[in-house]
Novice: 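Got a structure for you, written out below as structure tokens; questions coming shortly.
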Amino acid sequence: MNPAETRAGSAVAQKGQRKRLKVGDIVVGAIATEARSFTEAGRRCLGDMRHGVIPGPVGPGIVCMSFAVELWFKALGCLSNPAGEVPSGHDLSALFNLLSTDIQDALIARCAQTRMHFLNALQEDAKAFETWRYSYEWAARQPASQDGLEVMTVNLLLTNVLPDACDQVYEAFK
């Protein structure tokens, strides 16, 4: 195979599935640093809610906060399985299910939720990153509502509680 064919094959591989990384090949703390950065970006977007009003850009804030939680779950996943692969994907519920029981229990306890409430909220927001980053597509993908209103929601667990809980649990388990 000549160098041009090799580059072309490499480009195709890059468009497809990303190469899976072993936990031992990365610095897990770098994931935590990125998670903290996206949490801060989300907080700057969302600002302080007063009287039920969010002063900043809601969509970008939720995208940043949901991505921060995703990164935290990936960092915690690396702690749960240090000999395995770095978790991948955006589904928060699936990433949570990869965590050790000890880490899951610690997160739920830090969030001061019942396990059922926590899991239900997480399942509702499992695709928040994907939904909110393409929010302009949301209405086209949903059946029309009878009242004509299009409402996108996200649980406060995702935006207000879970990022800090993840940070605390990460620090306790690292």
Side-chain angles (χ1 to χ4, degrees), residues 10 12-46 49 58-135 138 141 152-174:
S10 177
V12 170
Q14 289 176 0
K15 287 183 180 181
Q17 191 70 7
R18 290 177 47 192
K19 180 184 174 202
R20 299 295 306 250
L21 296 172
K22 293 285 189 184
V23 173
D25 294 338
I26 66 161
V27 177
V28 177
I31 303 173
T33 299
E34 286 294 309
R36 289 182 185 109
S37 294
F38 276 96
T39 298
E40 179 60 25
R43 285 197 174 116
R44 288 181 185 193
C45 289
L46 296 175
M49 187 185 327
V58 175
I62 292 172
V63 168
C64 286
M65 292 304 259
S66 59
F67 190 56
V69 171
E70 175 186 324
L71 290 170
W72 278 122
F73 284 0
K74 289 176 179 180
L76 292 165
C78 290
L79 297 180
S80 293
N81 187 10
E85 293 180 340
V86 177
S88 65
H90 300 297
D91 185 309
L92 298 180
S93 187
L95 290 168
F96 180 79
N97 289 331
L98 295 175
L99 303 178
S100 69
T101 304
D102 291 345
I103 289 178
Q104 287 181 6
D105 291 346
L107 279 172
I108 293 168
R110 292 268 183 194
C111 290
Q113 304 288 319
T114 65
R115 183 173 196 84
M116 183 65 76
H117 182 269
F118 180 95
L119 294 175
N120 286 339
L122 191 61
Q123 184 60 45
E124 286 176 20
D125 293 337
K127 303 275 186 172
F129 176 74
E130 293 166 312
T131 301
W132 282 85
R133 73 180 177 172
Y134 298 126
S135 61
W138 192 83
R141 296 183 186 276
M152 291 178 65
T153 62
V154 70
N155 287 285
L156 293 177
L157 176 72
L158 184 70
T159 58
N160 292 10
V161 179
L162 196 49
D164 288 335
C166 288
D167 196 346
Q168 294 165 0
V169 170
Y170 176 81
E171 288 300 317
F173 280 83
K174 72 176 184 176

Novice: Closer than 4.0 angstrom, basic N to acidic O: yes or no for D164 and R43?
Specialist: yes

Novice: Can you list everything that forms a ring pair (Phe, Tyr, Trp, His ring centres under 6.0 Å) with H90? Sequence neighbours excluded, please.
Specialist: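 Partners of H90 by the ring pair (Phe, Tyr, Trp, His ring centres under 6.0 Å) criterion, ordered by chain and then number, come out as F129.
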
Novice: How close do C45 and P60 get, counting heavy atoms only, and between which atoms?
Specialist: SG-CB, 4.0 Å

Novice: Quick check for you: to the nearest 0.5 Å, what is the distance between I26 atom CD1 and I31 atom CD1?
Specialist: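 Answer for the CD1-CD1 pair, I26 versus I31, is 3.5 Å.
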
Novice: Determine, step by step, whether E40 and R36 satisfy the salt bridge (Lys or Arg N to Asp or Glu O under 4.0 Å) criterion, reporting the C-alpha distance in whole Å, the side-chain angles of both residues, the deciding distance to 0.1 Å, and the verdict.
Specialist: CA-CA 6 Å; E40 179 60 25; R36 289 182 185 109; over 6 Å; no

Novice: Keeping the roles fixed (side chain from K74, backbone from G89), state whether a donor-acceptor pair exists under 3.5 Å.
Specialist: yes

Novice: Name all pairs fulfilling the side chain to side chain donor-acceptor pair (under 3.5 Å) condition that reach into residues 115-124, sequence neighbours left out, sorted by first residue then second.
Specialist: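 For residues 115-124, and leaving out neighbouring residues, the side chain to side chain donor-acceptor pair (under 3.5 Å) pairs sorted by first residue read S93-Q123, Q104-R115, D105-R115, Q113-H117, E124-N155.
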
Novice: Is T39 close to D167 at the side-chain level, that is, under 4.5 Å between some pair of heavy atoms?
Specialist: no

Novice: Any side-chain heavy atom of L157 within less than 4.5 Å of one from C111?
Specialist: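 In contact.
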
Novice: Quick one, L162 with W72, criterion side chain to side chain contact (heavy atoms under 4.5 Å, CB included). Give me CA distance, side-chain angles, the key distance, then yes/no.
Specialist: CA-CA 9 Å; L162 196 49; W72 278 122; over 6 Å; no

Novice: With a 4.5 Å cut-off on side-chain heavy atoms, are V23 and E85 touching?
Specialist: no

Novice: Taking the side chain as C-beta and beyond, is there a heavy-atom pair between L158 and V69 under 4.5 Å?
Specialist: yes

Novice: Are the side chains of V154 and S66 in touch, meaning some heavy atoms are under 4.5 Å apart?
Specialist: no

Novice: With rounding to the nearest 0.5 Å, note down the distance linking CG in D102 to CG in L79.
Specialist: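 So the gap between those two atoms works out to 12.0 Å.
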
Novice: Residues in ring pair (Phe, Tyr, Trp, His ring centres under 6.0 Å) with F38, at least two apart?
Specialist: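 Here the qualifying residues are F67.
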
Novice: Check whether any side-chain heavy atom of L107 sits under 4.5 Å from a side-chain heavy atom of F73, and report yes or no.
Specialist: yes

Novice: Does D125 use its side chain to pair, donor to acceptor, with the backbone of A128 at less than 3.5 Å?
Specialist: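 No; zero donor-acceptor contacts below 3.5 Å.
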
Novice: As an exercise, state the distance from CZ of F173 to SG of C78, rounded to the nearest 0.5 Å.
Specialist: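 Going from CZ on F173 over to SG on C78, the span is 15.0 Å.
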
Novice: Check step by step if side chain to side chain contact (heavy atoms under 4.5 Å, CB included) holds for V169 and I103.
Specialist: CA-CA 7 Å; V169 170; I103 289 178; 4.0 Å; yes

Novice: With heavy-atom distances below 4.5 Å as the criterion, would you say the side chains of F96 and I108 are in contact?
Specialist: yes

Novice: Do V86 and R20 make a side-chain contact, defined as non-hydrogen atoms from C-beta onward lying under 4.5 Å apart?
Specialist: no

Novice: Please report the closest heavy-atom contact between M65 and P163, naming both atoms and the distance.
Specialist: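 The answer is CE-CG, 3.9 Å.
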
